[in-house]
Amino acid sequence: MKKCVLLVLSMLSFASMAQKKKAATASPLEADKQAMIGNLDKRFDEYAKISKQIWDYAELGYMEEKSSLLLQEQLKKEGFQVQAGIAGIPTAFVATYGSGKPVIGILGEYDALPGLAQEATPEIKPIPNQKGGHGCGHDLFGTASVAAAIEVKNWLQKSGKPGTIKICGCPAEEGGSGKVYMVR
């Protein structure tokens, strides 16, 4: 899994380098986009560490206490106001930055699947006595959502443009209907 993630991120990085060559003559918005990609590339190791930590926690739906807290702390450190316990769910949160319109919503998930305790290898290597694992990448999804929110926040600050970012930390996506309760 880790090798796969590194490969995908390396491909994105390679693609962003090719795009940077085009950006020299591109519009200011394209230059901003390329700068954002570059900023994400610079923080790759930091975000990879967060994703790996969530992978290791492998917390099942409605029990993602460590995973949720890790993402919340990252957002707080970046200046987001975090409201935990959304919809009466201790591991659900909404983090907000900025004001005005547009309001940009980002969804992040971080729950593991039951019965998929697997080491981060391409071979089948179950982890004994672990109840769940990340079979569909929520360790990556939650981390990538937080990274995207932080980078949009940085762009809003730099550009001086108005806007509000809301990242919804959604627990129990797999079989627990966490989104349904949050929407209600």
Side-chain angles (χ1 to χ4, degrees), residues 1-20 23 29-59 64-84 86 91-99 102-112 120 133-174 178-179 182:
M1 179 67 177
K2 183 177 181 182
K3 290 178 183 178
C4 180
V5 171
L6 293 174
L7 177 62
V8 170
L9 292 173
S10 296
M11 290 169 45
L12 290 172
S13 182
F14 179 75
S16 74
M17 287 189 297
Q19 291 175 342
K20 286 177 186 175
L29 188 55
E30 183 64 25
D32 285 345
K33 180 175 137 185
Q34 295 309 315
M36 291 172 82
I37 291 169
N39 292 339
L40 288 166
D41 287 344
K42 289 175 190 170
R43 294 183 74 174
F44 172 84
D45 290 339
E46 176 185 356
Y47 293 131
K49 183 178 177 183
I50 292 168
S51 175
K52 177 66 168 90
Q53 191 63 60
I54 293 171
W55 171 277
D56 290 341
Y57 291 150
E59 298 169 298
E64 318 92 333
E65 293 173 7
K66 295 175 189 172
S67 300
S68 177
L69 187 59
L70 179 63
L71 297 176
Q72 289 177 51
E73 287 173 350
Q74 188 69 24
L75 290 160
K76 286 178 185 176
K77 185 171 84 173
E78 293 288 339
F80 283 76
Q81 298 297 312
V82 177
Q83 182 182 0
I86 298 297
T91 57
F93 68 88
V94 174
T96 306
Y97 178 86
S99 62
V103 176
I104 302 162
I106 301 175
L107 178 69
E109 299 167 358
Y110 34 85
D111 61 318
H134 286 282
C136 60
H138 290 183
D139 56 312
L140 299 170
F141 184 13
T143 304
S145 297
V146 166
I150 290 168
E151 193 52 41
V152 172
K153 180 229 25 156
N154 292 340
W155 179 80
L156 286 173
Q157 283 181 326
K158 181 182 173 195
S159 69
K161 295 189 182 292
T164 304
I165 307 160
K166 289 191 172 281
I167 178 163
C168 299
C170 179
E173 191 278 332
E174 293 292 345
K179 286 185 203 122
M182 290 179 72

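Keep in mind that what you see is a predicted model, and the values were worked out from it rather than measured. Throughout, numbering of the chain's residues begins at 1 and tracks the sequence.
- Between E173 and D111, the closest heavy-atom pair is N-OD2, 3.1 Å.
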Using a 3.5 Å cut-off and no angle test, enumerate the donor-acceptor pairs between side-chain atoms of residues 76-84 and protein atoms at least two apart in sequence or in another chain.
from, atom 1, to, atom 2, distance (Å)
E78, OE1, K153, NZ, 3.3
E78, OE2, R43, NH1, 3.3
E78, OE2, R43, NH2, 2.9

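- Note on K49 versus D45: no salt bridge recorded, every NZ/NE/NH1/NH2 to OD/OE distance being 4.0 Å or above.
- Rounded to the nearest 0.5 angstrom, K52 NZ and D56 CG are separated by 3.0 Å.
- Annotation for E65: atom CD does not count as buried by contact number, only 12 or fewer foreign heavy atoms lying within 6.0 Å.
- By the 4.5 Å heavy-atom criterion applied to side chains, E109 and S145 are not counted as neighbours.
- Here the straight-line distance linking atom CD1 of I104 with atom OH of Y97 works out to 12.0 Å at 0.5 Å rounding.
- A distance-only check finds a donor-acceptor pair linking the side chain of E59 to the backbone of K66 [under 3.5 Å].
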- request: May I have the step-by-step check of side chain to side chain contact (heavy atoms under 4.5 Å, CB included) for L70 and Y110, ending in yes or no?
  value: CA-CA 10 Å; L70 179 63; Y110 34 85; over 6 Å; no
Under 3.5 Å donor-acceptor pairs involving side-chain atoms of residues 159-170, not counting sequence neighbours:
from, atom 1, to, atom 2, distance (Å)
S159, OG, W155, O, 2.9
S159, OG, L156, O, 3.4
S159, OG, K161, N, 3.2
T164, OG1, S99, N, 3.4
T164, OG1, G100, N, 3.2
T164, OG1, G100, O, 2.8
K166, NZ, T96, OG1, 3.2

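- Residue M182 comes nearest to A92 through the heavy atom pair SD-CB, 4.0 Å, listed as atom of the first residue, atom of the second, then distance.
- Judged by distance alone, the side chain of D139 and the main-chain N or O of I54 form no donor-acceptor pair under 3.5 Å.
- Taking A148 as the reference, I106 meet the side-chain contact (heavy atoms from CB on, under 4.5 Å) condition, with sequence neighbours excluded.
- Scanning for side-chain contact (heavy atoms from CB on, under 4.5 Å) contacts around L40 gives Y47, A147, E151, with sequence neighbours left out.
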